[in-house]
Amino acid sequence: MDSATIYFSIGFDACAMIIVAVIMVNYYTIKRIYTRTEKLFQLLMGTLLLSALLNMAYVSAYAFNLGERIPALYYFIVMLMVIGTHSVGIFFMLYVVSECYENRPLPRNFMYIAVGIICAIGAAVAVYGCLFGMGLDTSALLVIMYAEHYAALALSAAYVYVNRKIISRRKQANIILFIAFNVLATILQFIVQAQVTAFAEAVAVMLIYATLRNPKDVIDPLTQQFNMQAFKDFARRFIASRRKFILFITNFRNYGAITAIWGQRAEELICEKARRLKGAVKKSIYVYRLADARFAIMFSGEAEFEEFRQKYLELLKQPYKIGETVVPAENIAMAIRFPEVASKYNDIESIIKFYRDNYGGNEPVYEASREAIEQVERREKVDYAIQRAIRLHSFQVYYQPIYDLKAKKFTCCEALVRLKDDELGFIPPDEFIPQAEQNGTIIEVGRQVVEEVCSFVKHCKPETLGIDFIDVNLSIIQCLQPDVIEDIKGILKDYDVPRGMVNLEITETASAKSYAILQQRLDELHSNGFTISLDDFGTGFSSVEFLINFPFDIVKLDRSLVWAYMKEDKYEPILQHYMPMLHSLGTKIVAEGVETQEMVKALDGLGCDYLQGYYYSRPMPKEDFINFLKERQTPSAEN
Ligand code: C2E
Ligand code: CA
Ligand code: CA
């Protein structure tokens with residue numbers, strides 16, 4: 001080494017130390033998350049700092065000709081420099097592998113390899129030291145040391161390649177850059193003898209540092225666990241790697257009620273839950289807080305999950321407390337298996353959604369099923385189909401005739417909406433109406449049905465075939481809209497349809513909150529000339545009070561009640577008691593679900609006014625319905 005090379009080397013080492021020191025200061029003051037990977041990154045930084053320092057010491061010792069002056073000290077410094085330089089490769093590999101195994105315990109055999117390499121370095125250094133001490137040629141051993149260093153780097157590259165789907169692109173690029181810089185520095189060292197390795201590595205480490213997560217972005221401030229953002233990012237990468245894993249999700253079923261009572265203090269339960277979960281998993285496994293009291297944990301193996309499951313079941317026995325008060329927090333949890341049950345990130349959201357709406361089980365850890373995902377996907381598709389049909393005005397309305405026992409002919413009918421979708425085919429109203437009610441589209445669906453019915457009345461003139469009125473189903477959601485009456489009146493007016501032609505059917509719901517508004521709305525409808533039926537009587541909580549307070553013109557006995565009446569004797573006295581009561585209120589009675597001649601007889605005997613059911617006809621398209629009426633209505637009835 002000439003003096004220029006010496007200054008050159010010392011300068012680069014000093015720069016390396018400054019870079020690493022700055023990163024470390026930054027790291028410890030700003031970016032700091034305690035994960036295994038980051039601990040290893042800290043170790044890597046520390047080793048690098050030390051290695052640069054030792055390298056500087058070595059170059060200085062060389063410059064001062066220490067080898068000849070104090071050989072023992074010189075020998076010692078060289079030893080330390082060799083160990084330091086080569087440890088960087090090892091710690092780099094440890095860091096890379098940990099990165100590949102983020103959120104999972106490190107593989108056992110990997111630990112053996114790491115320990116093996118460190119022992120090998122120790123042995124090599126010892127032998128190197130002896131040869132050096134004896135003044136023998138050490139260059140062969142130096143080659144072995146380099147080989148070891150590059151073996152560690154090559155192994156790191158291999159790990160990155162195998163796990164390329166798990167590690168972010170930027171991080172991958174920086175890890176590869178670290179290796180490339182090493183190669184360049186080694187070449188440079190052989191050409192000009194300058195020691196620039198530490199500097200090159202420091203630059204690469206700085207780039208890696210830039211890819212470390214910012215705690216503010218990924219840590220939940222309340223529980224100090226990872227947040228939803230981190231979960232999304234990690235779960236997505238895990239799924240992309242097509243690895244098998246088990247996702248555990250847990251929540252408090254009654255968290256809403258708990259916050260309603262405890263307010264802000266309910267957060268104590270969340271913190272406690274986070275602590276318990278974190279305590280039940282291996283250190284390397286992360287706990288993610290997804291929302292309120294919902295947490296997730298990912299397990300990469302069955303055994304690991306089973307071990308946790310046992311601990312979780314134990315935890316369930318401990319009560320949750322706020323202060324000294326035991327809070328009856330109900331833990332619910334489920335396991336989602338990838339890729340058997342779920343295969344994409346959206347599946348997680350689907351399953352969460354499904355169990356939020358449908359959770360009824362009592363198992364402490366529910367096994368999420370493929371069906372749950374399929375049901376949610378179906379729901380989403382049906383939602384789209386509804387929106388499509390609204391846009392294209394493609395709902396169809398079928399008509400089911402209703403037989404008037406006194407007049408002995410069909411004097412009314414029920415309009416029933418039909419949805420045929422190009423992709424999904426026929427979607428039964430029992431499926432899409434409740435969905436439309438949930439997402440609010442029912443208001444527009446209902447409006448289109450009324451329009452279609454009015455258009456039918458205007459163009460086909462069913463009144464000339466003996467039809468006095470048409471039943472239109474009015475959803476409670478629709479009924480509670482402030483402008484519903486104006487809306488319906490407007491449509492009727494557009495088509496010149498008299499108000500008496502449309503009879504509105506509503507189903508009683510048990511919601512007391514809307515009771516007053518409903519009553520007011522029904523009164524208004526009445527005073528605006530509409531008649532109203534109470535639909536599905538006998539299914540819900542139909543109370544006498546409801547019947548008395550609401551001005552129903554017609555009550556429709558639900559088909560389940562009608563069928564029960566036909567089958568079981570105990571229903572007979574009940575219905576026989578109800579019939580005169582309803583009649584005395586001036587209400588007409590329709591029996592639904594009439595399928596046989598025997599039923600016609602029995603229901604006529606009971607005192608029903610109208611009968612509706614497959615015995616007479618299924619609901620049919622308007623053309624068929626008109627033909628049906630033309631064939632069935634006796635000429636004497638037509639006037
Ligand atoms: P709903 O109002 O109780 O309508 C009667 C249902 O019973 C109809 O089913 C009809 O096809 C069926 N039905 C009639 N006679 C018989 C019979 O003898 N046996 C059997 N097994 N079934 C019979 P649909 O058309 O599938 O409608 C199901 C429900 O969807 C309706 O029940 C109603 O709640 C809702 N719905 C249908 N159209 C509309 C609409 O335009 N608006 C709103 N809001 N809801 C509607
Ligand atoms: Ca109905
Ligand atoms: Ca009904």
Side-chain angles (χ1 to χ4, degrees), residues 382 386 389-390 393-403 410 412-420 426-456 469-481 484 487-488 491 502-509 531-540 542 552-567 588-600 602-603 608 610-622 624-625 628:
V382 168
I386 297 170
I390 288 177
H393 285 261
S394 60
F395 287 106
Q396 274 186 295
V397 174
Y398 276 34
Y399 298 89
Q400 185 176 33
I402 298 175
Y403 190 73
F410 299 95
C412 51
C413 62
E414 180 171 1
L416 294 155
V417 68
R418 293 291 176 262
L419 172 53
K420 276 186 201 115
F426 177 73
I427 307 168
D430 283 329
E431 180 178 6
F432 80 81
I433 294 286
Q435 266 183 244
E437 285 179 338
Q438 267 179 22
N439 64 26
T441 47
I442 189 69
I443 295 162
E444 187 50 34
V445 175
R447 192 179 289 140
Q448 292 194 8
V449 170
V450 175
E451 264 182 358
E452 177 54 36
V453 168
C454 288
S455 153
F456 168 68
F469 59 90
I470 298 176
D471 288 355
V472 174
N473 291 285
L474 191 67
S475 154
I476 283 290
I477 310 282
Q478 237 177 315
C479 200
L480 294 177
Q481 297 306 305
V484 62
D487 231 28
I488 297 178
I491 300 170
V502 171
N503 171 64
L504 300 167
E505 289 191 4
I506 66 138
T507 305
E508 182 198 352
T509 49
T531 55
I532 304 160
S533 294
L534 172 63
D535 203 358
D536 299 342
F537 181 78
T539 50
S542 322
F552 292 114
D553 302 280
I554 299 172
V555 166
K556 297 186 82 175
L557 307 181
D558 188 71
R559 61 172 180 263
S560 59
L561 180 66
V562 171
W563 291 347
Y565 168 73
M566 294 303 295
K567 247 203 235 138
K588 298 268 190 214
I589 296 158
V590 181
E592 286 185 327
V594 181
E595 296 188 344
T596 60
Q597 170 95 56
E598 188 201 350
M599 290 174 83
V600 174
L603 294 161
C608 290
Y610 299 95
L611 302 179
Q612 176 183 1
Y614 293 173
Y615 173 75
Y616 297 105
S617 169
R618 290 184 178 251
M620 53 200 151
K622 59 182 176 203
D624 295 358
F625 179 57
F628 174 93

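Given the structure is predicted, the values throughout are model-derived calculations rather than measurements. Counting starts at 1 for both ligands and their atoms, following the listed order.
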**Q** What part of D536, side chain from CB on, backbone N/CA/C/O, both or neither, has a heavy atom under 4.0 Å from ligand 1?
**A**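 The answer is the side chain.
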**Q** Only heavy atoms of W563, strictly under 4.0 Å: list the atoms of ligand 1 that pass.
**A** 19 (N), 21 (N)
**Q** Give me the residue, atom name and distance of the protein heavy atom closest to atom 35 (C) of ligand 1.
**A** I433 CG1, 4.2 Å
**Q** Look at R559 together with E595 and state whether they make a salt bridge at an N to O cut-off of under 4.0 Å.
**A** no
**Q** Should the ring pair F410 and Y616 be called parallel, tilted or perpendicular, given that the plane angle runs from 0 to 90° and is split at 30 and 60?
**A** perpendicular
**Q** Below 4.0 Å from any atom of ligand 1, is there a heavy atom belonging to K556?
**A** no
**Q** Measuring from F469:CZ to I402:CD1, what's the distance to the nearest 0.5 Å?
**A** 6.5 Å
**Q** Is E595 close to ligand 1, meaning an N/O of one under 3.5 Å from an N/O of the other?
**A**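 Min N/O separation from ligand 1 is below 3.5 Å for E595.
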**Q** Examine D536 and say whether one of its N/O/S atoms is closer to the Ca ion (ligand 3) than 3.0 Å.
**A** yes
**Q** State whether D558 contributes an N/O/S atom found under 3.0 Å from the Ca ion (ligand 3).
**A**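 No N, O or S atom of D558 is closer than 3.0 Å to the Ca ion (ligand 3), so no.
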**Q** So for G593, does at least one of its heavy atoms come nearer than 4.0 angstrom to any atom of ligand 1?
**A** yes
**Q** Should you measure from each heavy atom of P619, which atoms of ligand 1 turn up under 4.0 Å away?
**A** 11 (O)
**Q** Is the centre of the Y610 ring less than 6.0 Å from the centre of the Y403 ring?
**A** no
**Q** Taking just the N, O or S atoms of E505, which one is nearest to the Ca ion (ligand 2)?
**A**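 So the atom name we want here is OE1.
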**Q** Has the side chain of Q448 got a donor or acceptor atom that lies under 3.5 Å from a matching backbone atom of I390?
**A** yes
**Q** Nearest protein heavy atom to atom 32 (O) of ligand 1: under 4.0 Å?
**A** no
**Q** May I ask you to check whether D487 and Q478 show a side-chain donor-acceptor distance below 3.5 Å?
**A**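 Side chains of D487 and Q478: no pair found under 3.5 Å.
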**Q** What's the atom name of the N, O or S in E414 nearest to the Ca ion (ligand 2)?
**A**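 It is OE2 of E414.
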**Q** Using heavy atoms and a threshold below 4.0 Å, how should the contact between R618 and ligand 1 be classified: side chain, backbone, both, or neither?
**A** neither
**Q** Any idea which atoms of ligand 1 are less than 4.0 Å away from a heavy-atom of S475?
**A**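 Here the atoms of ligand 1 in question are 44 (N).
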**Q** Do any non-hydrogen protein atoms sit less than 4.0 Å from atom 25 (O) of ligand 1?
**A** yes
**Q** Using distance alone, determine whether L474 and ligand 1 share an N or O pair under 3.5 Å.
**A**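 Looking only at distances, the answer is no, because the N/O contact criterion of under 3.5 Å is not met.
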**Q** Take S533 and D535 through the side chain to side chain donor-acceptor pair (under 3.5 Å) test and state the conclusion after the steps.
**A** CA-CA 6 Å; S533 294; D535 203 358; over 6 Å; no
**Q** Of the backbone and side-chain N, O or S atoms of D535, does one lie nearer to the Ca ion (ligand 2) than 3.0 Å?
**A**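 Coordinating: yes.
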